[in-house]
J.: 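Sharing a structure here in structure tokens format.
Since the model is a prediction, treat every value here as computed from it, not as a measurement.
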Amino acid sequence: MGRGRSYIVAAMVIVTKCPATITGCLRCAVDSESRRGLPPLTRNPAEDGKKNRGGEFAFSEDLQQELQHLYQVPMPEDFYHLWQFCEELNPGNPCDALTSSLGLQLVGPYDILAGKHKVTTNVEPNYFLHWRYFYDPPEFQTVIAGDSGTQYHLGYFRDTPDELPAFVAAGEAKKGCSLLQMGDNLFCSLNLLLNRRLKEISNKRQISSLKELETKLTAMAKKLNYSLEQRTKGMKARDRKVSTKTFHGAGLVVPIDKSGVGYRELPETDGSLKKICKAIVEAPSDEARIKAFAPIQEMITYVQFANDECDYGMGYELGIDLFCYGSHYFHKVVRQLLPLAYKLLKSHLFAEIVEAHLAKRKWDDLDQLKG
């Protein structure tokens, strides 16, 4: 979506510190749902088609509640079904069931199913940061880790903390912040990886092994009525609701009422904003860097006005873009913009996650239960 809206800026004052007017816009959020007529949060519509699959989870209700207590988000059925599939492949260590074939390991919330949280020597693990890679936005939850060289990983992407995931995405943190949609369930994601792997290898024994795995995977997916399409109807329907793609490409869905209130465009395209960020990061001196920050400060002013008029999506977009750019030079601005945007949008958990991530954002040692 283009972002070339014109702005009247003659009377605006550029603010260089976190302005009180930004927090002042919380007054607009108190009754925002009643004023904007937003519907209450619901389950992911895509999940409705996955009900009545048959079979029961091999986990007690207490364990499922413990998992939701630790992560504070609902987990979809395919999460549990994949665990059962991996248990059949490797009863002794389901987390490593896909390691020899695809170089993948079940991580994150799967560690809870494996009971690793009960034997860790880390007395205060932060599950918001457990297997959270450098570029992972709060909407993303890693569940499978791959190649450590590129930091390939798969995870669920949620539009709000209260909803089930909108889709599964893949990222390679060492290559950047981009997230690639990989279907709406883990069986689809793994099938896509299997097909890719089969095209890359020529060893007959490996091919035979992977085809055997593919047969088992697709049979279970069919039995449980999981789609193996990379882009389902539900995902395409979500695309029509996306306000902006952002730097990571997965898109942001911002609630917008019938009169169009909820989101307004940034005055910069993705390309021009990246150039601004590049100029800041590569500035030869602190003086030059302060000067290069001027366009960002101007956009912060625009965000203040947008928040006052309940267009919370503008600060949300700018905060995510600066987070995705990755430089520590933007962390202060991200802290200023993004937690507030999440709170205004009623996604308080995402605010907690990004604050925790910014406080301990790192490239390695992502396993909170290790050691």
Side-chain angles (χ1 to χ4, degrees), residues 1-30 32 35-36 38 137-139 177 241-249 251-257 259-281 283 289-327 329-347 350-351 354 358:
M1 179 179 294
R3 297 189 289 187
R5 175 180 297 185
S6 61
Y7 290 82
I8 300 174
V9 298
M12 291 186 177
V13 178
I14 305 303
V15 182
T16 57
K17 295 184 178 180
C18 183
T21 53
I22 287 186
T23 54
C25 69
L26 282 168
R27 62 176 173 75
C28 198
V30 174
S32 61
R35 283 160 55 181
R36 295 192 294 167
L38 298 179
E139 294 83 357
C177 65
K241 300 177 183 178
V242 168
S243 299
T244 175
K245 283 295 185 181
T246 72
F247 287 0
H248 60 51
L252 302 180
V253 174
V254 180
I256 300 175
D257 69 12
S259 60
V261 176
Y263 172 78
R264 69 178 63 174
E265 298 167 338
L266 290 173
E268 303 288 345
T269 64
D270 281 349
S272 61
L273 182 55
K274 287 178 180 179
K275 288 180 181 179
I276 291 170
C277 292
K278 188 173 186 290
I280 293 169
V281 173
R289 183 167 293 110
I290 292 172
K291 184 177 180 181
F293 248 109
I296 300 294
Q297 297 293 351
E298 186 175 39
M299 280 185 275
I300 291 174
T301 302
Y302 297 155
V303 169
Q304 297 171 38
F305 282 89
N307 282 346
D308 283 341
E309 297 174 5
C310 297
D311 285 332
Y312 309 136
M314 188 182 201
Y316 184 18
E317 178 182 7
L318 181 58
I320 282 290
D321 281 346
L322 295 180
F323 173 86
C324 287
Y325 199 83
S327 172
Y329 290 119
F330 302 118
H331 282 187
K332 182 177 180 180
V333 177
V334 174
R335 286 191 184 97
Q336 180 179 338
L337 294 172
L338 205 45
L340 175 61
Y342 284 129
K343 291 172 185 176
L344 293 172
L345 291 166
K346 309 296 185 184
S347 294
F350 289 164
V354 75
L358 288 171

J.: Roughly how far apart are Cys277 SG and Phe247 CZ, rounded to 0.5 Å?
T.: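 Between atom SG of Cys277 and atom CZ of Phe247 there are 5.0 Å.
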J.: Side-chain contact, heavy-atom cut-off 4.5 Å: Leu340 with Tyr312?
T.: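 Leu340 vs Tyr312: side chains apart.
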J.: Closest approach of Val354 and Pro138, non-hydrogen atoms and distance?
T.: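 Taking Val354 first and Pro138 second, the nearest heavy atoms are CB-CG, 3.6 Å.
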J.: For the residue pair Leu337 and Gly315, what are the closest heavy atoms and their distance?
T.: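 Scanning both residues, the minimum pair turns out to be CB-O, 4.1 Å.
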J.: Under the criterion side chain to side chain contact (heavy atoms under 4.5 Å, CB included), I'd like the reasoning laid out for Thr244 against Tyr316: C-alpha separation, chi angles, the key distance, then a yes or no.
T.: CA-CA 10 Å; Thr244 175; Tyr316 184 18; over 6 Å; no
J.: Minimum heavy-atom separation for Ala292 and Ile280, please, with both atom names.
T.: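 Where Ala292 meets Ile280 most closely, the heavy atoms are O-CG1, 3.6 Å.
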J.: Quick one: does any side-chain atom of Asp311 pair with a main-chain N or O of Gly262 as donor and acceptor, under 3.5 Å?
T.: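 Yes; at least one donor-acceptor contact below 3.5 Å.
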J.: How long is the straight-line distance from OG of Ser259 back to CG of Asp257, given to the nearest 0.5 Å?
T.: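 Taking CG in Asp257 and OG in Ser259, the distance rounds to 3.5 Å.
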J.: Rounded to the nearest 0.5 Å, how far apart are NZ of Lys245 and CG of Asp270?
T.: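 These two atoms lie 11.0 Å from each other.
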J.: Before giving the answer on side chain to side chain contact (heavy atoms under 4.5 Å, CB included), spell out for Phe293 and Val333 the whole-Å C-alpha distance, their side-chain angles and the decisive distance to 0.1 Å.
T.: CA-CA 11 Å; Phe293 248 109; Val333 177; 4.0 Å; yes
J.: Say you draw a straight line from CZ of Arg264 to OH of Tyr302; how long is it, rounded to the nearest 0.5 Å?
T.: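 Rounded to the nearest 0.5 Å, the CZ-OH separation comes to 11.5 Å.
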J.: Look up atom CG in Leu273 and atom NZ in Lys278, then write down how far apart they are to the nearest 0.5 Å.
T.: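 If we round to the nearest 0.5 Å, Leu273:CG and Lys278:NZ are 14.0 Å apart.
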J.: For the residue pair His248 and Cys177, what are the closest heavy atoms and their distance?
T.: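 Minimum heavy-atom contact is CB-O, 3.3 Å.
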J.: Give me the atom names and distance for the closest heavy-atom approach of Gly251 to Thr246.
T.: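 Taking Gly251 first and Thr246 second, the nearest heavy atoms are N-OG1, 4.3 Å.
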J.: Say you draw a straight line from CD1 of Ile256 to NZ of Lys241; how long is it, rounded to the nearest 0.5 Å?
T.: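 Ile256 atom CD1 to Lys241 atom NZ measures 11.5 Å (nearest 0.5 Å).
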J.: Please step through side-chain hydrogen bond (donor to acceptor under 3.5 Å, both in side chains) for the pair Tyr342 and Glu139, ending with a clear verdict.
T.: CA-CA 11 Å; Tyr342 284 129; Glu139 294 83 357; 2.7 Å; yes
J.: Can you name the nearest heavy-atom pair linking His331 to Gly326, along with the distance?
T.: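 What the structure gives for the nearest pair is NE2-O, 4.2 Å.
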J.: Give a yes or no answer on whether the side chain of Thr269 reaches the backbone of Ser272 with a donor-acceptor pair at less than 3.5 Å.
T.: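 It does hold such a pair.
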